[in-house]
Amino acid sequence: MRLLFSFCLLYVSHGGVVKAAEVLRPRGVPLSKASFYDPTRDFHCLDGSGAIPFTYVNDDYCDCRDGSDEPGTSACPNGFFSCPNPGHIPLSIPSSRVNDGICDCCDASDEYASDANCVDTCRELGRAAREEAAKQRQEKMKGFELRKSMIEEGRKRKKEAEVKIEELKTKREEAEKIKSEKEEIKKIAEEPEKQALEQYNAIEAEKKAQKEAEQKAKDEAEAREAFTHLDNDGDGLLTVAELQSRQTFDTNRDGEVSEEEAKFYLKLEESMDLDSFITSGWQMVRPVYKYDRRMFVPPTQEPPSDGLEPPPIELEEDAEAPGDEDTELEHLDPELDPEDEDEEEEEEEEEEGLEDDFDANGDAEDTQNEEEEPKYDEETQKLVDTANAARAEYDEADREVRDLVRELRSLEETQEKDYGPEEEFRILEGNCFEYSDREYIYRLCPFDKAIQKPKAGHGETRLGQWGEWSGPETDRYSRMMYSNGQACWNGPTRSADVRLTCGTETRLMSVTEPNRCEYLFVMSTPAVCSKPEDASGDEGFEHSHSEL
Ligand code: MAN
C-alpha cells in the first residue's frame, strides 16, 4: 500500500505578514481538512464511523462510510476529491471523476493515473478570474459610492419635505382664517339679499298669479263666445249637426264636414255642454275656429300677417288636394291636442299685438325663447351684486384651502413611505424605468406603479401599485412588491415582484412572467450596493482562495 501524498504550498497570513508554507497532506485532501490526516496516527473517519491505520488512507479501498479515507482515489462512491489548483481557486469534485479520463481540475491533479493529457491552466484561469473579480469589486465599489450620494440626496429631500410640510401647515392655517372671514362676510351679505329676494319673489308670484287669472278669464270668455256662436239652436249643447253645419270643421277639405270630423272636436261624443267645452273642447276647437274667423275679418282691418302660419292642420290641408289620404280623419287622435304650445304662444302674441316679432320671412325671432335673467329693482340688484361678490371671494378662499390641504396630504403620504433604512431609495420616487421585450414595454415607477403596454398599441395594463418591501428578513430592501394590478382573466389580480441587484445605474435588466399574471422585474441600482467585502486589492483574492 502506498500513501499518495502531495506537497502543497500555502500562503498563510500571520500578523499581517504573508509567507509561504508547505503543507504535506494526502492527495485529494483540501487544505481545510489537512490536520485530520496525520500520518503519525490512526485515521479517524471524518463522520466518526470508525478508525483505521493511516496506511489505509488512499489505498484504493473504501473503509469509511463517508468516503473520507479515500480522498485521492475513486474507491468510495460518496467521496470527494479536492483539486489544489495552485494559482486559481481549489475545487471539490466527486471522487468518481478521479482518473476518469476527463480533465476536471485546472491543475490536472484529478487525472494523475489516466491517459488523459491534461494541461495545467490554473495560472491563466486564475489571472482572468482575478481580473474579473477585481473588475466586479471596482463596480461594486463605484455602486457603493453612488449609494452614498443617493443617501445624501434622499436625506436632503426628506428634510426639504419636512420644511415644506411645516410651511404648508402655516399657509393652510392662514388660508383657513381668511376663509372663515370671507364666510362671515358672505353670511352678512346674504341675509339682506335673502330677504330682498323673498320679497321680490313674493311680488313676482303675485303678479304671475294675477296674470294667469286674467288669462284664464280671457280664455273662458272667448270659449263662451265661441260656444254661443257655434250653438246654433242656443240649447246649451254643441252637437254633431251643429258642427257639421260649419265648413270650419271640414278638416280634410273634401267639401263636407263628416260626422267623424265633427265628433273629433266633441271628444268622440254626440254633444258637449258649455262646461266641458270650456275645460277641454275649446282647446281643440280654438285653432281652427280662430283661423277661420280671421279669414273673415272685414277688409278695413289688417289682414292676417302674410308670414303668419296657420295652425298645422289647416296648413297641411291647404297644401294638399281635398281627400288626400294624409288628411283622412283616422290620422287624427282626439286625445292629441291639435294645438301645440308654439301655436298657442303665436295666438297670444298676435292678440297682444306682438306681430312685429315676426320678420319679413314670417319666422319668429329668437327673443321669445331666450331665458331672461330676472330683472330686479335697483336696490335688490345691489344686494344681489354684493352677495355675489362675497360668494366669489369665499369660493376663492375655499379653493385656496382645498389646494393647500391636497398638497399637504400628498406630501405627508410621501413622507410616510419607507424609502429604505438610509433614505437611499427616495430619489427613485417620481422616476420611471422601462424595459422592452418582443411583445411589451414594461414601465416601473418606483413607489408608485408597474405597467405593461403592448407594443402593438392598445391600452396599458396596470400590473400593480406600490405595496411593500418584500425581501427576506435579513435583506428586506432587496425586493419590492407591487400588487393589486388589473384582474387577470379567470385568475388573480396582477402583481409585480421587483428584485434589486447592485449596479452602477438604476435600470430594468429584465422582466419575465414566470406565472400567468405574476411578473418578475430585475432592476439594478446603486441603492443596494454594499461595501465590497475585501476592497484592499487583488491580493485579497489570493489570500482567501488561492493555493500556490
Ligand atoms: C395580457 C398580458 C399577459 C397576460 C395575459 C393574461 O395578454 O397582460 O401578460 O399573461 O393578459 O390573460
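Note that the structure is a prediction, hence the values are computed from the model and not measured. Each ligand, and each atom within it, is numbered from 1 in the order the structure gives. Starting from 1, each residue takes its place in the sequence as its number.
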Pick whichever of Tyr442, Tyr519, Trp489 has a heavy atom sitting closest to atom 9 (O) of ligand 1.
Tyr519
Minimum non-hydrogen distance to atom 11 (O) of ligand 1, winning option of Arg516, Arg494, Gln452:
Arg494
How far is atom 7 (O) of ligand 1 from its nearest protein heavy atom, and which residue and atom is that?
Tyr440 OH, 3.3 Å
Give me the nearest non-hydrogen protein atom to atom 10 (O) of ligand 1 as residue plus atom name, then the distance to 0.1 Å.
Glu513 OE2, 2.6 Å
Under 3.5 Å: N/O of Thr461 near N/O of ligand 1
no
Heavy atoms only: give me the nearest Cys103-Asp110 pair and the separation to one decimal.
C-OD2, 3.9 Å
Quick check on contacts: which atoms of ligand 1 are under 4.0 angstrom from a heavy atom of Cys517?
6 (C)
May I ask you to check whether the SG atoms of Cys118 and Cys105 are separated by less than 2.5 Å?
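Cys118 does not pair with Cys105 as a disulfide (SG atoms not under 2.5 Å apart), so no.
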Determine whether the interatomic SG-SG distance for Cys64 and Cys76 falls below 2.5 angstrom.
no
Heavy atoms of other groups near Arg65 CZ, more than 12 under 6.0 Å:
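No, CZ of Arg65 has 12 or fewer neighbouring heavy atoms, counting only those of other groups under 6.0 Å.
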Residue list, side chain to side chain contact (heavy atoms under 4.5 Å, CB included) with Lys156, at least two apart or on another chain
Glu153, Glu160
